[in-house]
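This report concerns only the one structure given below.
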Amino acid sequence: MSDVLFIEGGRVIDPASGVDGVRTVVIRDGKVAEVAERVERPRDARAVDARNRWVTPGFVDLHVHLREPGQEYKETVATGARAAVAGGFTAVCAMPNTKPVNDCAAVTELVLARAAAAGLARVYPVGAISKGSNGEELAEYGELKASGCVALSDDGRPVMSSALMRRALEYARAFGLPLTVHEEDLHLVGKGVMHEGAAATRLGLKGIPSQAEDVMVLRDIALVELTGGRLHVAHVSTAGAVRAIREAKRRGLPVTGEVTPHHLALSDEDVAASGYSTDFKMNPPLRAAEDVRACREGLADGTLDAIATDHAPHSAVEKDVEFDAAANGIVGLETAFSVCLGLVREGALTERRLVEALTAGPARVFGLPGGTLARGAAADVAVLDPAAEWTLDPARLQSKGRNTPWKGRRLAGRCTHTIVGGRIVHEEGKADR
Ligand SMILES: [Zn+2]
């Protein structure tokens, strides 16, 4: 007897297959067997009632921090994967800035083993560009690729040396690995802790100019021209970076970009309004209104390929301190869909583009399986209730992190079921499975 699951009566939105309409998704033996308007369900087959819901490919996140090994008090691969599926994500890419840094097969294998044991979201490790992410010596890309890394990054810091970045692009190209880069010129950042502008001046906080990001994006696009390497710009936050990526794509260069929900939804004025709340401190910082507008336009017109959360859990030790001293980053896996659905309500994004930027878009960037409900694809599915309203209580997050700027806020849109490889791994209202 094969294992069959019917997801019935939902609005299937699958940009990769060009489907948008009420359909039933039939899953057999962990794969999508059929997406059809009318299909007879055998009496003994299991079913999910998806009426008035969206049924989309499971979300793919190119940028999360799972903190294991080394900082399990902040998050583990298992708790991060549980947060992922609670938010509709069926695949996440784990950044290498753990302790130790993921710059060798041993760390990659540990992350993969923990993910397999958790049995929730698929976890794709990202290896380090340089050993220890110190920016001095390249890591062994062949070893990282062979052990399962899908991309390379020194995320958390930039590759300041242009010469090392050139060699990284050349070396990664030989292994077919994209570099996903954290773009900031540390000399321009100085001691800055938020976006440089009127809000920072009023708050008396040191600023980080947008150009700290712009100059590095422009430099790396120039190095892509030199090397033919694959560049993905992580957490794009400035109008200048969006412009540079748009222009690079127009010239046919292999450059892609991602943007976070918070850089799409919040600005430096929200830092001011929050009264120095460290839940509004991240890197890159929340930017000016014109940068937010440019990021939204870049996402809408395809300049930016993906929405990525940059899920960055911290404990109270790192966050319950003064703004200058607080760690950067917020959790994002469990709020991404709701926050981005807000952009649709504001008219900044179409429903189709929202789903694409969470599914097929990111899958394409790193060449990952998934991101589609095409027949024969792995049955990774999110069932979403776009009308569900809820108040964010950090204590109820599956992540160990509580650091979110949407604390206590009313949000609309929730993931009700997440299916990975045909298995229901998250069902709203049910305890951990
Ligand atoms: Zn980063």
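Just follow the structure's listing: the first ligand is 1, and inside any ligand the first atom is 1. The basis for the numbers below is simple: all heavy atoms, side chains too, and nothing from hydrogens, waters or symmetry mates.
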message: Applying the side-chain contact (heavy atoms from CB on, under 4.5 Å) criterion to Leu264, which one of Leu299, Val292, Leu304 satisfies it?
response: Leu299
field: Partners meeting ring pair (Phe, Tyr, Trp, His ring centres under 6.0 Å) with Tyr276 (sequence neighbours left out)
entry: none
message: Asp20: which residues meet the side chain to side chain donor-acceptor pair (under 3.5 Å) condition with it, sequence neighbours left out?
response: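 Here the qualifying residues are Arg11.
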- prompt: For His235, which residues count as a side chain to side chain donor-acceptor pair (under 3.5 Å) partner, sequence neighbours excluded?
  reply: Asp155, His182
- prompt: Roughly how far, to the nearest 0.5 Å, is CG of Asn283 from CD of Glu184?
  reply: 4.0 Å
field: Charged tip of Lys281 within 45° of Phe323 ring normal and under 6.0 Å
entry: yes
task: Sort by chain and number the protein N/O/S atoms that are closer than 2.8 Å to the Zn ion (ligand 1), and list them.
output: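 Protein N/O/S atoms under 2.8 Å of the Zn ion (ligand 1): Asp155 OD1, His182 ND1, His235 NE2.
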